[in-house]
Amino acid sequence: MAHEYGKETLSKEFKSDLKGLPDSELVEAVVALANTDGGCVYLGVEDDGTPTGVKQKHQDPIGMAAMIANRTVPPISVRSELVGDDIKVVQVEVPKSQSVVSTKSGKILRRMMKMDGTPESVPMYPYEIATRLSDLGRLDYSAQPVMESTRDDLDPLERDRLRKIIASYQSSDRNLLELSDADLEKSLRLVVSVNGELTPTLAGLLLIGNEEALQRLVPTNEAAFQVLVGTDIKVNQTYRGPLLKTIEQIAESFKPWNPGTELTVGLFSSVVPEFDERAFREALVNAFGHRDYSLLGRVRVLVDDAGLTIANPGGFVEGINVHNLLTAEPRGRNPCLMDALKRTGLAECTGRGIDRIFEGALNYGRPLPDYSRSNRRGVSVLLPRSVPDKAFVELLAEERERSGKSMSLDGLLILDKLKSERRCGFDVLSGSLDMSDQRLRTVLGQLTEAGLVESAGVGARRTYMLGAKVYRRSGRAMEYIRQSDIDRVRYPELIIELMHEQKSVSKNDVMELLHLEENQAYYQLRKLVLEGRAKKVGSGRNVRYAAVR
């Protein structure tokens, strides 16, 4: 059948065997897939997806798997099998490599998309090998010594800046201040011993290297701060200096473009900036700490009508994506550099700086940070413009006073979801929040107990909405009433549905299902009987109700 195998993709490669495919070409196709995301090679299929079959010598799947393992370094363990009825095709399943693999002759390839949207296998260049290994957690590029540099390339003024930063942050490692300059650099792995000489690492040059050495030895180090008002460019500043200095300069340049709103909560009044300062700092430090320094490009900070965008070259590392940012195990592209930033106090010491970025929005009832523009080439986060939600801030303050602690990030995420969606079933909450079902049930229970959330229904039909005191606090009592009225309109439908599931229901079943008092449950059942939609089964205490079919 023509086109039986569809189209080629980054994870699917077709190879014709009409003229007898050389083993070397098959091995190269396998290597390219392994160095990308894995996938399948179909031997005996034309480029348009038409199966034409394999020759006799390729109809031994076990022998083919052994040949591929023998001709790849390190050996790739594939799974081969003959598929197809009339026309035999060999399907070779290729796992994603957790390293960089090559053919035995030394060819290293990867898959990529051409301009016309079709895939191809292309050579993997040295800088791409470094990126691949760092993405997989197999190489800390920032910990590598820069062989052309010496300690003379480190700037004494930047070393003093480093000490001042350590002294100014409570979360820093204060023991570092007691060390000599050389021991400080060794402790933070800013230098390593090479042939008996202390040589700066990439992290060392990035943090305290002088600008001339950085431009000569790390040409990828660049950042920009831009401000657009409409289409007018108000600020367009480029930075090529050491990171500690650059971070301070960008933070100073950003201040005038981050106006505040006066917010009074209880007896206290404060000015709340448009963009949370802690979230801004964490996002900025993360951009420098996690960017790919083997790629040309720059960390870009943009303030425009939409909000604040911070972007950096290099996509998320292996295992992290836009959907699991808040729960994935913290792991960066440059562990040495990030460790130094944490110990200086600039970065969140727990590695959960991403939590701070989200909390910076959620604590003021603002929209969530938007990472949707991130891709394989770079990470981009947008902090949208929004005024703080005064009622929501007051609610959190009241809850903090009641419980003696701040709301958890999970609790904030649930409240934010219910605030935007009005009402959600458990499955919707579970599907949209990166949280285990057990954790979600626990936090929902805590929020319900605190009166911040109310639920209706049981089992799969249970839904959740913000509690009455939340709506009252925000001056939206009528909205709460409307939401409650919607539930009442659905009562008969929910009771009939339960009748079909259980064949019959008792008054207690309805009380549990709809969270109603005894007389309210009886009223709903009696109404269904009078309407002819339900009938009584039995009498007295054992009376039950069944749907009329």
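Predicted model, so just to flag it, every value in this text is computed and none were measured.
- Inter-residue side-chain proximity for Asp416 and Leu413 is flagged as unmet; no heavy-atom pair is nearer than 4.5 Å.
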Q: I would like to know whether Leu396 and Glu399 meet side-chain contact (heavy atoms from CB on, under 4.5 Å); could you show each step before the answer?
A: CA-CA 5 Å; Leu396 294 180; Glu399 182 59 22; 5.6 Å; no
Q: Go through the steps to decide whether Phe280 and Phe254 satisfy the test ring-ring contact (aromatic ring centres under 6.0 Å, His included), and finish with yes or no.
A: CA-CA 10 Å; Phe280 163 73; Phe254 174 65; 4.0 Å; yes
Q: Please lay out, stage by stage, how Val299 and Asn312 fare under the test side-chain contact (heavy atoms from CB on, under 4.5 Å).
A: CA-CA 4 Å; Val299 170; Asn312 62 266; 4.0 Å; yes
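- Here the side chain of Tyr293 pairs a donor or acceptor atom with the backbone of Phe288 at under 3.5 angstrom.
- For Asn236, the CG atom sits in a packed shell: over 12 heavy atoms of surrounding residues, nucleotides or ligands are nearer than 6.0 Å.
- Remark: Lys245 does not engage Glu248 in a salt bridge, criterion side-chain N to carboxylate O under 4.0 Å.
- With hydrogens and angles disregarded, a donor-acceptor distance shorter than 3.5 Å links the side chain of Asn324 to the backbone of Asn321.
- Under 4.0 Å is where a charged nitrogen must lie from a carboxylate oxygen, and between Arg544 and Asp509 at least one such pair does.
- Of the possible polar contacts, one joining the Asp292 side chain to the Ser294 backbone as a donor-acceptor pair under 3.5 Å is found.
- Here the side chain of Ser374 pairs a donor or acceptor atom with the backbone of Ser380 at under 3.5 angstrom.
- Counting heavy-atom neighbours within 6.0 Å of Lys536 NZ, excluding the residue itself, gives a total of 12 or less.
- The shortest distance between side-chain heavy atoms of Leu452 and Leu415 falls below 4.5 Å.
- The backbone N or O of Asp437 lies less than 3.5 Å from no partner atom in the side chain of Ser430, so there is not a single donor-acceptor pair.
- Annotation for Arg291 and Arg298: closest pair NH1-CA, 4.0 Å, computed over non-hydrogen atoms.
- Atom OG1 of Thr309 sits about 10.0 Å away from atom CG of Leu228, to the nearest 0.5 Å.
- The six-membered or imidazole ring of Phe225 lies away from that of Tyr239, with a centre-to-centre distance of 6.0 Å or more.
- In Glu277, the CD atom is not crowded: 12 or fewer heavy atoms of neighbouring residues, nucleotides or ligands sit closer than 6.0 Å.
- In this structure, Val505 and Leu525 have side chains that are in contact, with non-hydrogen atoms separated by less than 4.5 Å.
- No more than 12 heavy atoms of other residues, nucleotides or ligands shown are found within 6.0 angstrom of CD on Glu518.
- The distance from the CD atom of Glu454 to the CE atom of Met465 is 6.0 Å, given to the nearest 0.5 Å.
- Contact detail for Ser142 and Leu337: the closest heavy-atom pair is OG-N, 3.2 Å.
- For the pair Arg441 and Phe426, the cation-pi test (distance below 6.0 Å, angle within 45°) is passed.
- Of all heavy-atom pairs spanning Lys234 and Val229, the tightest one is CG-CG2, 3.6 Å.
- Of the possible donor and acceptor atoms, one in the side chain of Gln144 sits under 3.5 Å from a partner among the backbone N and O of Asp140.
- In this structure, CD on Glu211 lies 7.5 Å from OG1 on Thr246, to the nearest 0.5 angstrom.
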Q) Run the side chain to side chain donor-acceptor pair (under 3.5 Å) check on Thr463 and Arg423 step by step: do they pass? A) CA-CA 7 Å; Thr463 58; Arg423 177 173 291 281; 2.7 Å; yes
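- Ion pair Asp37/Arg376 flagged as a salt bridge, since at least one NZ, NE, NH1 or NH2 atom sits closer than 4.0 Å to an Asp/Glu carboxylate oxygen.
- Tyr464 places a side-chain heavy atom less than 4.5 Å from the side chain of Ser455.
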(Q) Please determine whether side-chain contact (heavy atoms from CB on, under 4.5 Å) holds for the pair Arg333 and Asp135, giving the CA-CA distance in whole Å, both sets of side-chain angles, and the decisive distance to 0.1 Å. (A) CA-CA 6 Å; Arg333 177 176 281 106; Asp135 284 350; 2.5 Å; yes
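- For the pair Leu308/Val301, a side-chain contact is recorded, criterion being any heavy-atom separation below 4.5 Å from C-beta on.
- Annotation for Tyr522 and Lys507: closest pair CB-CD, 4.0 Å, computed over non-hydrogen atoms.
- Around CG of Leu530, the count of heavy atoms belonging to other residues, nucleotides or ligands within 6.0 Å exceeds 12.
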Q) Could you walk me through whether Glu394 and Lys390 pass the salt bridge (Lys or Arg N to Asp or Glu O under 4.0 Å) check? A) CA-CA 6 Å; Glu394 289 176 341; Lys390 184 175 184 291; 2.5 Å; yes
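- One distance of note links CG of Leu162 with CZ of Arg343; it measures 10.5 Å at 0.5 Å rounding.
- The CE atom of Met435 lies 10.5 Å from the OG1 atom of Thr442; values are rounded to the nearest 0.5 Å.
- Contact check for Leu188 versus Asp173: no side-chain heavy atoms found under the 4.5 Å cut-off.
- For the pair Asp389 and Arg366, the salt-bridge criterion is not met [side-chain N within less than 4.0 Å of a carboxylate O].
- Under a 4.0 Å N-O distance rule, the pair Arg356/Glu282 does not qualify as a salt bridge.
- Contact check on Arg385 versus Asp305 returns no salt bridge, with no Lys/Arg side-chain nitrogen under 4.0 Å from an Asp/Glu carboxylate oxygen.
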Q.
Using side-chain contact (heavy atoms from CB on, under 4.5 Å), reason through Phe316 and Leu325 one step at a time and then give a plain yes or no.
A. CA-CA 10 Å; Phe316 294 119; Leu325 278 172; 3.6 Å; yes
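- A heavy-atom distance below 4.5 Å is found between the side chains of Trp257 and Val235.
- No donor-acceptor pair under 3.5 Å is formed between the side chain of Ser187 and the backbone N or O of Leu184.
- Side-chain atoms of Arg533 and Ile496, non-hydrogen and from C-beta on, do get closer than 4.5 Å to each other.
- A salt bridge links Arg159 with Glu185: the distance from a Lys NZ or Arg NE/NH1/NH2 to an Asp or Glu carboxylate oxygen falls below 4.0 Å.
- Classified by interplanar angle (parallel below 30°, tilted 30° to 60°, perpendicular above 60°), the ring pair Phe358/Tyr371 is parallel.
- Between Gly538 and Val543 the shortest heavy-atom distance is O-CG2, 3.7 Å.
- Residues Lys527 and Glu531 are not paired through a salt bridge, judged by the lack of any N-O separation under 4.0 Å between the basic side chain and the carboxylate.
- Annotation: Phe275, atom CZ; neighbour count of heavy atoms from other residues, nucleotides and ligands within 6.0 Å is above 12.
- A donor-acceptor contact shorter than 3.5 Å links the side chain of Asn334 to the backbone of Gly289.
- Although no hydrogens or angles enter the test, the distance criterion places a donor-acceptor pair under 3.5 Å between the side chain of Asn375 and the main chain of Gly378.
- Ser506 contributes atom OG, which lies 5.0 Å from atom CG of Asn508 (distance to the nearest 0.5 angstrom).
- Between the side chain of Thr201 and the backbone N or O of Arg189, at least one donor-acceptor pair lies under 3.5 Å.
- Heavy-atom minimum distance, Arg281 versus Ala251: NH2-CB, 4.1 Å.
- By the 6.0 Å contact criterion, CZ on Arg174 is enclosed, its count of non-hydrogen atoms from other residues, nucleotides or ligands being greater than 12.
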